[in-house]
Amino acid sequence: MTAAMTAGLIGLGVSPAQASETTGSVDTRRTGWDPSEPDLGPSDVRSSSFGQLWKAPAQLDGQIYAQPIVVGGTVVAVTENNKAYGLDRATGAVLWQRSFGPAWPASTLNCGDLVPNVGSTATPVYDPAGGAVYLTTKVDDGPTHLSPHWYMHALDPVTGAEKSGFPVTIQGTPSNDPTQSFLPAYQMQRPGLLLLDGVVYAAFGGHCDAKPYRGYVVGVSTTNPSVTSMWATETGASNSGAGIWQSGGGLVSDGPGRIFLTTGNGVSPAPGPGSAPPGTLAESVVRLQVQADRSLKAADFFSPSNAPTLDQQDKDLASGGPVGLPDSFGTASHPHLMVQQGKDGRVFLLDRDDLGGRSQGTGGTDDVVGITGPLKGQWGHPAVWGGDGGYVYCVGNGGSLVALHRGVTGSGDPALTVAGSSQDTFPYTSGSPVVTSDGTRSGSALVWVVWSGGSTGVNAQLRAYEPVPDANGVLPLVWSAPIGTASKFATPATDGGQVFVGTREGKVYAFGNPVGSPLKGGPVEFGLVPVGGSTSTDVVLTENQSPSQSLGIKGVTVDGPFTADTSLLPPTIPAGGQLSIPVSFTPTAVLGASGTLTVATDAGSFALSLHGVGTKSGLAAFPGTVSFGNQPTGTTATANVQLTNTGTDPETITSVTPPDGPFTAAGLPSADPANPTVIPAQSSIVLQVGYAPTVTGQNSSSITLSSTSGPLTIPLEGSAISGEGHLVFSPTTLSFGAVVRGTSSTRSFTITNTGNIPVTVTKAKAPAGVFSSADPLPEGLVIGPEQSVQQTVTFSPTASGSQSATYEVTGDAGQGAQLEPLTGIGVPPASQLGTVLARDSSGTLWLYRGTGVPSGALAARAAIGTGWNAYNIMTSVSGEMADGTGALVGRDSNGRLWFHQGTGDPKAPFAPRKQIGYGWNIYNSLI
């Protein structure tokens with residue numbers, strides 16, 4: 001904790017020991033490692049007195065997607081109904097609440113990612129210097145649902161009052177693309193907020209990729225409430241896509257002026273060095289540098305060499321958030337490290353000071369410190385443990401909790417290797433892990449993670465695992481507790497011996513020691529049980545009321561592959577008495593199985609978790625069949641398969657038969673008798689299956705493996721459709737019309753890939769001369785299916801007359817060189833263009849301005865005014881020009897001569913008339 005933070009908290013009357021969780025995932029590197037938790041060690045959590053301390057007494061108004069933060073004695077939670085709450089950390093009682101206006105309906109853009117409302121989604125951040133909690137809201141306060149606003153709020157954590165000058169409306173244009181405005185309806189603010197050098201930064205992505213959206217980073221000053229900076233991920237060739245969502249993971253900083261983020265689908269950067277970031281930065285890890293004027297500028301980036309393929313397959317890198325590793329993980333060659341994992345499962349180990357660009361390695365490969373995996377894909381971000389040699393923990397989507405151990409290669413470079421995994425798999429929407437410990441003391445750490453029952457989040461649990469794999473490579477489950485319906489990708493908060501988590505049901509749970517529930521008892525572990533077999537144990541619970549008294553027992557329920565014998569259930573138990581419930585585990589499938597035992601009492605309900613592992617000798621694949629549908633020819637799709645030893649003894653690989661084309665398999669185990677792969681009991685490896693069809697039709701094959709207990713066949717199937725890229729230019733001709741000599745006009749044309757496979761720009765030749773491009777289309781740029789890029793061209797004529805050129809673009813779609821015609825006409829300044837004045841029979845005077853264009857010398861007429869039939873003669877004193885200069889005189893029927901001075905305003909070229917004489921009717925003409 002910094003001195004500034006400590007001082008700020010003391011000023012609030014808050015004990016410094018109670019204020020460690022003031023930002024998402026513990027710190028600005030987002031390590032998720034809280035090293036100040038001596039009371040959350042394995043022995044503390046295994047104690048029967050550890051459990052649910054409270055569940056917020058009243059259900060809060062709205063789903064809780066943001067991680068709670070803790071400021072002293074207050075737990076701050078925000079909801080999707082645009083509500084903020086301050087809860088008493090000791091009891092869960094609501095200390096204060098704030099409402100920020102109507103939440104925005106997700107149905108506006110037909111997006112089902114987060115329904116029904118979007119309000120406050122990102123994890124807030126606390127600023128100790130100003131004593132304020134900062135959070136964002138999307139408020140439906142415009143004339144239509146397409147006119148909401150995003151706001152940055154600053155609340156007093158003690159009272160909930162809004163600070164002076166707030167909220168600040170998030171609006172404007174990015175400094176790196178001032179032509180495009182921030183569009184609140186299409187932007188989603190999911191990543192956790194970052195406090196850095198007196199500015200709170202918020203990152204934005206889209207809703208279900210509904211266009212036009214793009215990635216933004218916006219800074220708001222804490223001392224001068226206003227937007228200080230706005231930066232966009234896609235500029236120049238593209239102004240859409242590359243959203244920053246990171247499954248809720250926060251923006252990262254490792255020091256003053258440095259911000260890291262990860263982007264998703266969009267137009268990826270062309271191959272090039274990281275030190276020269278282009279305008280298009282989809283599928284990238286980006287480092288921003290804060291400038292002296294507080295604006296933001298991209299300073300470095302990394303993008304996988306197959307970034308366009310990731311985009312095509314929707315395997316975006318930004319499903320995972322970046323994490324900066326402690327310096328203890330580095331070496332002399334790479335002292336400052338970062339990990340990044342996305343949907344395709346590869347874990348990239350990056351150098352924070354030299355991210356690596358795109359395709360800068362040997363042969364166009366990735367120039368990174370290391371790559372681990374692929375593992376199962378990640379929707380979240382890793383956690384870090386700096387003890388026991390150093391570990392990084394990743395939760396796979398449909399895979400295990402995996403521990404990666406820190407090591408060093410023979411050349412002295414850092415490396416991460418798979419050291420072990422959990423016996424359980426984590427369904428989609430499970431959360432990101434955090435680690436608690438007492439410093440780096442071995443034996444003091446636990447890995448905490450929210451396990452979700454599936455996409456709806458039902459039957460969720462908060463779990464704690466040992467941080468170091470056992471001799472079989474298994475991360476043992478230490479403790480678990482039910483938490484109802486989990487939010488997507490939820491991250492627990494830890495502070496002062498307590499663990500806090502919010503849910504979709506609008507509830508905040510607090511776990512710690514001692515519990516205050518009517519019964520006391522810990523989670524029940526049944527261990528390894530053969531599929532089809534059964535084991536039983538007595539779950540013993542103790543009356544735990546305060547003061548202790550008899551307790552009425554109303555009923556017992558269980559779910560999952562568990563049953564409870566309630567035939568001898570007593571109606572009451574005495575004060576301090578025990579309740580014994582026989583529970584059986586009968587697994588029907590392999591791997592970990594979870595359930596909940598709930599006891600209804602006359603003092604409320606009590607629930608605890610049940611867990612067991614179904615075993616079966618041999619290997620099993622997850623998924624059991626790999627299917628690829630509607631894959632365009634000429635492209636490659638990949639899928640990761642977790643191969644698990646579901647038995648209780650090691651399995652030695654004896655034979656491996658890879659698939660036939662167009663399928664491939666990487667990461668296959670070795671069947672070499674001299675050095676076969678041995679998969680320990682309950683351990684896993686990950687295979688990557690590829691499908692690269694060259695002709696249309698149906699394909700099938702399989703991977704066959706034999707091991708100690710027998711063979712396993714993994715069926716592979718695919719369906720291929722015709723793959724074709726096709727570039728279309730719009731407009732078909734970029735016409736600038738008339739442009740005054742010595743000035744410039746800038747316009748753009750759009751290139752869209754209407755095909756179903758990516759197209760790489762292999763040649764791009766911008767014109768030179770009067771037509772030019774300050775930001776030429778880069779060769780090597782990949783335009784994905786249904787993606788568009790924009791190319792700007794400037795016309796700066798130096799002479800009068802029609803002029804033309806072309807912009808040449810060649811892609812690898814077989815269309816050859818495509819030319820975008822550019823046309824424009826140079827014309828003289830308006831001061832050099834004459835006009836024609838004409839009066840009609842009604843007395844209306846009309847002005848025809850000269851255009852300087854021979855094919856249309858006069859512009860459409862414009863009425864100057866009526867009553868000009870008062871004159872029988874009119875003439876120009878000095879030529880009336882198209883810029884509104886020049887003067888005119890007119891003689892009326894009485895011989896009076898009137899003078900009309902030019903104004904210089906083409907829309908109102910004459911000032912009110914002045915009489916300059918009389919007796920002019922002696923003349924028959926004025927010249």
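- For an aromatic pair to be called close, the ring centres must be under 6.0 Å apart, and W150 with F204 satisfies this.
- Pairs passing the salt bridge (Lys or Arg N to Asp or Glu O under 4.0 Å) check and including a residue from residues 229-248, sequence neighbours excluded, do not occur.
- Checked by atom type, the side-chain pair S238/Q787 shows no donor-acceptor distance below 3.5 Å.
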Query raised in the report: Given S359 and S305, is the side chain to side chain donor-acceptor pair (under 3.5 Å) satisfied, shown in steps?
Result: CA-CA 5 Å; S359 302; S305 57; 4.8 Å; no
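- Using a 4.5 Å heavy-atom threshold, the side chains of D316 and L310 count as separate.
- The salt bridge (Lys or Arg N to Asp or Glu O under 4.0 Å) analysis of residues 211-220, with sequence neighbours excluded, yields the pairs D177-R214.
- Screening residues 807-817 for salt bridge (Lys or Arg N to Asp or Glu O under 4.0 Å) gives K763-E808 as the qualifying pairs, with residues at least two apart or on separate chains.
- Checking side-chain atoms of S319 against main-chain N and O of K343 turns up a donor-acceptor pair under 3.5 Å.
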Validation: residues 718-730 side-chain donor-acceptor distances under 3.5 Å, sequence neighbours left out:
residue, atom, partner, partner atom, Å
S719, OG, Q698, NE2, 3.2
H726, ND1, Q815, NE2, 3.2

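- In this view, D327 and R29, H336, R352 satisfy the side-chain contact (heavy atoms from CB on, under 4.5 Å) rule, not counting sequence neighbours.
- Remark: the backbone N or O of G205 is paired with a side-chain donor or acceptor of Q187 at under 3.5 angstrom.
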Report task. Verify side chain to side chain donor-acceptor pair (under 3.5 Å) between T794 and T746, making sure each step is shown before the conclusion. Result -> CA-CA 4 Å; T794 299; T746 299; 2.8 Å; yes
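- Relative ring orientation between F771 and F795 is described as parallel, the plane-to-plane angle staying below 30° on a 0-90° scale split at 30° and 60°.
- Summarising the local packing, CG of D293 is surrounded by more than 12 heavy atoms from other residues, nucleotides or ligands at distances under 6.0 Å.
- In this structure, a donor-acceptor pair under 3.5 Å is absent between the side chains of T309 and Q313.
- In this structure, CD in Q340 is found 9.5 Å from CG in L261, a value given to the nearest 0.5 Å.
- Residues passing the side-chain contact (heavy atoms from CB on, under 4.5 Å) test with S627 are T625, E717, sequence neighbours excluded.
- For S411, the side-chain contact (heavy atoms from CB on, under 4.5 Å) criterion is met by T409, D413, not counting sequence neighbours.
- Note on ring orientation: taking the six-membered ring where Trp is involved, the planes of F663 and F628 are tilted (angle from 30° to 60°).
- Rounded to the nearest 0.5 Å, atoms OH (Y216) and OG1 (T173) are 8.5 Å apart.
- Considering only residues two or more places apart in sequence or on other chains, D300 meets the salt bridge (charged side-chain N to carboxylate O under 4.0 Å, His left out) condition with none of them.
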Enumerate donor-acceptor pairs with a distance under 3.5 Å from any side-chain N or O in residues 263-273 to protein atoms, sequence neighbours excluded.
residue, atom, partner, partner atom, Å
T263, OG1, L281, O, 2.6
T263, OG1, E283, N, 3.0
T263, OG1, S284, N, 2.9
T263, OG1, S284, O, 3.3
N265, ND2, D314, OD1, 2.6

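- Remark: the backbone N or O of Y213 is paired with a side-chain donor or acceptor of S240 at under 3.5 angstrom.
- With sequence neighbours left out, the salt bridge (charged side-chain N to carboxylate O under 4.0 Å, His left out) criterion links K765 to E779.
- Between Y691 and the options T636, T638, N699, a side-chain hydrogen bond (donor to acceptor under 3.5 Å, both in side chains) holds for only N699.
- Under the rule for a salt bridge (charged side-chain N to carboxylate O under 4.0 Å, His left out), the partners of R346 that lie at least two apart in sequence or sit in another chain are D344, D366.
- With hydrogens and angles disregarded, a donor-acceptor distance shorter than 3.5 Å links the side chain of Q189 to the backbone of A203.
- Not one N or O on the side chain of S253 forms a donor-acceptor pair closer than 3.5 Å with the backbone of T28.
- Residues that satisfy the side-chain contact (heavy atoms from CB on, under 4.5 Å) test with T823, not counting sequence neighbours, are T733, S735, S804.
- Using a distance-only test at 3.5 Å, with no hydrogens or angles considered, a donor-acceptor pair links the side chain of N176 to the main chain of A232.
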